[in-house]
Amino acid sequence: MHAIEVKNLVKRFDGITAVENVSFTVPEGAIFGLIGRNGAGKTTTLRMLMNVYMPDEGEVLVRGASAGHEFRERSGYLPEERGLYKKLKVFETLLFFAELKNAYGKEVEEKAVEYLKKFDLYDRRNSKLEDLSKGNQQKIQFLSTIIHNPDFLVLDEPFSGLDPVNTNILKEIILDLKKQGKVIIFSTHLMDFAERMCDTITMIDKGKVILAGNLQEIKAKFAEGTVKIVCDGDIGYLQDLPYVEKLTTFGNTATVKVTEGGYVQDVLKKMVEKDTRVHSFISNEITLHEIFIALAGDDNDVHVQSGGKNA
Amino acid sequence: MLNRRILVILKREILTRLFSKAFIIMTLLIPLFMFGIIGFQVFVNTYESDHGTTLKIVAPNTYAMQKFQAAFAQADVVKNGTYKISFDTLGGKTGEAYTQEYKEKLLQEKLNGIFIVPEKALENKEINYYSTNPNNPTVFGKVRSVINEVLIDMYFKDRSLSKSDKEFVRKGVNFESFRVTKNQKIEEEGSGNLILSFIFTFFLYFSLLMIGTNLMRSVIEEKSSKIVEVILSSVNAKELMIGKILGTAITGLVQMAIWLIPIVVVAQTSLFALPENFQIKVDLWMLGYFLYNFVVSLVTYLGIFAAVGAMFDSDQDAQSGMWPVMILIMIPFFIAMGLPARGDNSLSMITSMLPFTALMVMPARLALISVPAWQVLVSIVVNIGLMLTTFSLAGKIYRVGILATGKKATYQDLVKWLKIK
């Protein structure tokens with residue numbers, strides 16, 4: 001059974017379809033990444049998951065049952081657009097959010113103290129939120145998401161707006177929560193984060209799922225027949241080879257996709273023949289970023305070479 | 001209807017509001033302000049700066065002059081030294097000629113006025129008054145009855161009239177007002193209930209405005225600070241709105257109780273000796289009706305305020321966008337405030353049964369006149385119907401509005417929002 005199963009979600013605004021028939025599954029104990037560029041429909045999907053928006057069509061199943069209040073109580077949600085009551089005190093803020101999730105009493109208070117100490121904020125527990133620095137507010141925001149010890153964590157662009165230190169702290173917490181067996185869903189447009197953290201991904205673009213599955217499997221599949229090249233000079237001639245499916249260049253680096261793994265050698269041979277100075281030639285490896293661009297890139301994002309011209 | 005999540009929201013609303021400095025200060029200031037206005041009006045109306053007024057009464061002859069002298073010697077205003085009155089005879093002069101001699105004194109206000117009682121006045125009671133301030137009702141009020149008595153005595157001097165006849169003739173007409181109600185007892189009525197109707201209307205108006213804008217601000221704060229999305233992941237929009245409205249309404253009730261308790265104490269006990277004319281008659285069911293009416297008004301208007309708050313991202317935008325709500329509060333308020341003069345005309349009868357106006361006009365009417373039971377019933381049905389309607393419409397607007405971002409919502413957008421399932 002899947003921890004979470006999203007089935008055929010559809011959401012329209014004013015006649016525009018923001019999310020079109022999105023389905024995916026999240027396995028137990030996994031970090032799941034919902035990836036896509038800005039405006040792809042990630043936030044809308046997560047909002048429907050959290051029942052902030054009612055889906056126009058489709059449903060969300062949690063461990064086989066329709067997602068209801070129990071799911072929402074057992075989950076922590078960190079929206080992309082964050083906010084706290086500015087006049088509320090730090091400690092009261094944490095207790096309020098816990099209470100919203102039906103968690104109260106001594107246990108929660110102890111947990112709050114523990115977290116505040118861990119994040120060096122214990123001596124600020126009676127400060128109003130507005131008196132805290134932005135970084136500390138972000139910490140409180142995140143703590144209020146996990147204070148009730150949720151089984152599911154839904155984080156919408158959790159790393160956006162964080163400084164490097166807080167980014168690292170957050171990354172550690174997420175990995176730590178994974179160890180505790182929590183199901184973590186996060187959305188991001190930052191592919192390297194997704195690549196380093198996710199077990200499973202679903203990539204959406206223009207409201208539709210364009211790729212889904214186990215990250216390692218996806219990478220293995222896409223890496224097959226992919227060559228990353230760093231070289232000098234124009235390599236547009238590769239485009240004309242019959243076994244080259246696609247050539248993507250960024251300055252002096254290029255990615256070549258050949259129709260079959262065996263042709264990788266032929267690419268190298270051709271380059272030597274053409275007297276191109278090759279600095280590096282790595283086969284059968286690909287980053288999520290490259291997969292993303294290969295699938296969802298357009299003229300605004302990348303420059304796909306055609307006709308032998310370097311863009 | 002009430003679940004745990006609503007209670008969490010409700011609790012926070014009450015705690016953050018009830019103990020906020022602004023709330024406490026406003027709660028104490030508004031009654032002071034209101035009683036200040038009433039007190040000031042009463043003061044202005046009753047304040048008579050006539051101590052030390054000097055007057056001259058000029059009689060046509062010595063006999064009449066002695067009569068006036070004797071009568072005024074018995075009058076309170078002279079006895080307690082408020083007025084100093086000197087007497088004289090005309091000595092054949094015209095009133096104008098006589099006054100001319102004293103013009104200087106009058107202008108310097110060493111003398112405040114001269115009453116010229118010409119010979120003819122003994123027949124027709126036409127008396128001339130010369131003063132720099134000739135239309136002074138305070139002076140007239142204090143002098144009139146004494147002069148009248150003297151004139152009557154002199155007129156009937158040679159006719160054989162019994163003492164009781166004379167007393168009857170001397171006496172002016174006096175109106176005492178009584179309130180007729182369904183009750184057996186017909187009670188004497190002072191202006192206390194006029195004040196009561198004023199107080200009811202005033203409190204209701206201020207409370208709705210204050211509590212309503214508070215709620216609107218808090219909705220805007222949650223929307224603009226984006227906290228609403230976090231909350232909505234635990235609580236749905238309807239629960240959030242119900243929790244906020246009920247929490248705010250409870251603070252409103254507490255505030256109203258703080259305002260009304262002094263009035264009930266004044267009305268029901270003799271701790272404060274009010275002048276008889278200002279006695280307030282509050283029976284319990286009138287108070288009950290007022291409280292019911294207050295709760296219904298709060299929920300109705302708070303729903304509207306919440307919806308308006310959900311439309312806007314900032315207080316400034318909301319200020320300019322809330323005029324339709326202001327009209328919905330102001331019009332009933334002004335109708336209710338104009339009520340004392342025409343408590344029983346058809347405008348007040350109809351408006352006491354129409355949506356929105358019924359909320360303010362009916363309690364004010366009840367304080368003033370005896371309203372037929374069927375009208376009260378119609379009013380209750382209309383009020384509750386209105387409350388349910390506004391609540392469900394406001395809920396729809398709120399649900400869409402709090403998550404809407406981007407351009408400022410217009411009242412055209414509302415129609416669109418209302419159509420969203």
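A, B, ... follow the sequence lines: proteins, then strands. Residue 1 opens every chain. Keep in mind that the numbers below use all heavy atoms, side chains included, and drop hydrogens, waters and symmetry copies.
The two residues A:K86 and B:S225 come nearest to each other via the heavy atoms NZ-CB, 3.9 Å. For A:R72 against B:L232, the heavy-atom pair with the smallest separation is NH1-O, 3.1 Å.
Residues of residues 75-84 of chain A lying under 4.5 angstrom from chain B, judged on non-hydrogen atoms, are A:Y77, A:P79, A:E81, A:R82, A:G83, A:L84 by number. Of residues 92-105 of chain A, those residues with a non-hydrogen atom less than 4.5 Å from any non-hydrogen atom of chain B are, in numerical order, A:F96, A:F97, A:E99, A:L100, A:K101, A:N102.
The environment of A:E130 atom CD is dense: over 12 non-hydrogen atoms of other residues, nucleotides or ligands sit within 6.0 angstrom. Other residues, nucleotides and ligands contribute at most 12 non-hydrogen atoms within 6.0 Å of the NZ atom of A:K208.
Contact tally against chain A (heavy-atom pairs below 4.5 Å) for B:L7, B:I227, B:L403: the top residue is B:I227.
Atoms CG and OG, on A:D156 and B:S233 in that order, are 11.5 Å from each other to the nearest 0.5 Å. Note: A:M50 CE to B:S234 OG = 7.0 Å, rounded to the nearest 0.5 Å.
When side chains are defined from C-beta on, B:R5 counts as touching A:E73, because their heavy atoms get closer than 4.5 Å.
Interface remark: A:Y85 contributes backbone and side-chain atoms alike to the contact with chain B (heavy atom separation under 4.5 Å). The parts of B:E229 that come within reach of chain A are both its backbone and its side chain, each placing non-hydrogen atoms under 4.5 angstrom from that chain.
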